[in-house]
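First the structure, in the form of structure tokens, and then the observations on it.
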There are 2 protein chains.
Amino acid sequence: MTNTTKNYLIERGIKPSLQRIAIMDYLLKNRTHPSADEIYQALCESIPTLSKTTVYNTLKLFAQQGAALSLEIDEKNIRYDGDTSIHAHFRCKSCGEIIDLPVDQVNMVDPKHLEGFVITEISAFYKGLCDKCNHEGSLMQNKSIN
Amino acid sequence: MTNTTKNYLIERGIKPSLQRIAIMDYLLKNRTHPSADEIYQALCESIPTLSKTTVYNTLKLFAQQGAALSLEIDEKNIRYDGDTSIHAHFRCKSCGEIIDLPVDQVNMVDPKHLEGFVITEISAFYKGLCDKCNHEGSLMQNKSIN
DNA sequence: TTCACTGCAAATCATTTGCAAGGCC
DNA sequence: GGCCTTGCAAATGATTTGCAGTGAA
């Protein structure tokens with residue numbers, strides 16, 4: 001599996017290292033759209049020397065090389081997604097969870113409005129209440145994550 | 001005009017004050033998707049006692065009351081838009097400019113995937129190179145704003 | 001040896017918070 | 001008087017930067 005991840009990086013022009021493989025591996029296995037800090041916390045046990053700087057650098061590198069998506073869906077931190085296929089995201093304002101949404105039509109904007117433009121990224125975010133939080137009603141301590 | 005803005009705020013349940021009117025006025029007249037700091041810089045001349053705290057608080061209030069949109073299109077700062085009608089945004093990675101895009105179809109995601117969800121916000125961002133930067137090529141000092 | 005990768009510590013900087021003062025009803 | 005708004009200063013916290021050490025080709 002680690003070897004698969006290693007090749008995954010090489011294919012995307014990223015020199016594999018212990019840290020990079022571990023971070024990519026984490027992204028591919030955990031589809032929770034983690035922040036840099038969450039990844040750091042999860043990996044620093046198995047890689048005690050890991051530094052947050054490396055996690056930040058690596059995630060930025062991954063995003064540049066198209067090996068991961070950086071999501072600006074959360075005002076607080078940048079979230080990362082190892083799934084680079086075309087899809088939208090939903091963020092629950094109550095529990096904070098980010099859920100993937102399949103996309104039927106990507107081009108919402110009439111191409112005539114984009115003449116002369118080069119589009120390199122399209123992102124669509126939905127926010128609101130997820131099924132679970134919606135039905136729990138406002139019973140829970142609504143931490144108003146916003 | 002100021003009086004119009006005042007009523008605009010009242011209609012949205014926002015108590016008007018000198019500062020709030022000035023900020024809303026700025027948003028309605030400047031469709032540049034400014035950051036809190038840009039608004040502060042623009043207004044602190046005419047309102048010397050204005051504090052950044054007030055600008056931040058006010059913009060957050062506007063966003064809550066639906067009098068403005070807060071855009072997370074820029075990793076660096078939150079941008080605000082006084083135009084609350086449905087539209088998408090394009091951000092040029094070279095010059096950093098944010099451009100409004102008319103939207104033809106809002107629902108890219110099949111509603112069946114959103115059953116049980118409450119959607120309160122939909123945002124769509126495009127990034128790339130704007131017409132101008134595209135044709136200038138990489139001649140300019142590409143500050144790689146990203 | 002070279003050069004890229006790593007990681008610590010310090011810096012940066014947008015945003016928030018605590019709190020006292022002022023203003024409006 | 002009481003409450004909401006303001007604004008200063010300090011705090012917070014995510015991300016970046018400087019720089020020295022380390023390791024692989």
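Just so you know, these numbers use all the heavy atoms, side chains as well, and skip hydrogens, waters and symmetry mates. Remember, predicted model here, so these are calculated numbers, not experimental data. Each chain gets a letter, A, B and so on, in the order its sequence line appears, and its residues count up from 1.
- When rounded to the nearest whole Å, the span between CD of A:Glu38 and P of D:dT15 equals 11 Å.
- Atom CD of A:Glu45 is surrounded by 12 or fewer heavy atoms from other residues, nucleotides or ligands within 6.0 Å.
- Rounded to whole Å, the distance from NZ on A:Lys52 to P on D:dT15 is 9 Å.
- For B:Lys76, counting side-chain heavy atoms from C-beta on, the closest listed nucleotide (D:dT6, D:dA14, D:dT16) is D:dT16.
- Here A:Tyr80 and A:Phe62 keep their ring centres 6.0 angstrom or further from each other.
- A:Asp100 places a side-chain heavy atom less than 4.5 Å from the side chain of A:Asp81.
- Put simply, CD1 on B:Ile47 is 17 Å from C1' on D:dC8, counting in whole angstrom units.
- A 4.5 Å side-chain heavy-atom check between B:Asn134 and A:Phe117 finds every atom pair outside the cut-off.
- For B:His89, the ring pair (Phe, Tyr, Trp, His ring centres under 6.0 Å) partners are B:His33, B:His87, not counting sequence neighbours.
- With rounding to whole Å, B:Asp74 atom CG is found 14 Å from D:dT15 atom C1'.
- Nucleotides of DNA chain C lying under 4.0 Å from heavy atoms of chain A occupy a range whose first and last members, 5' to 3', are C:dA4 to C:dA9.
- In this structure the side chain of A:Leu27 reaches within 4.5 angstrom of the side chain of A:Leu59, judged on heavy atoms.
- Across all strands, A:Thr49 comes closer than 4.0 Å only to sugar-phosphate atoms, never to a base (heavy-atom distances).
- When side chains are defined from C-beta on, A:Leu28 counts as touching A:Arg31, because their heavy atoms get closer than 4.5 Å.
- Within 4.0 Å of B:Ser17, counting heavy atoms only, lie sugar-phosphate atoms of the nucleic acid but no base atom.
- Here the P atom of nucleotide D:dT16 and the CD atom of B:Glu75 are 9 Å apart, to the nearest Å.
- A straight line from OH of B:Tyr56 to P of D:dT6 spans 16 Å, rounded to a whole angstrom.
- Rounded to whole Å, the distance from CD on B:Gln19 to P on D:dC4 is 17 Å.
- Remark: C1' of D:dG7 and CD1 of B:Ile23 are 12 Å apart, rounded to the nearest angstrom.
- Both B:Ser51 and B:Lys15 lie near DNA chain D, and the one whose nearest nucleotide falls closer to the 5' end is B:Lys15.
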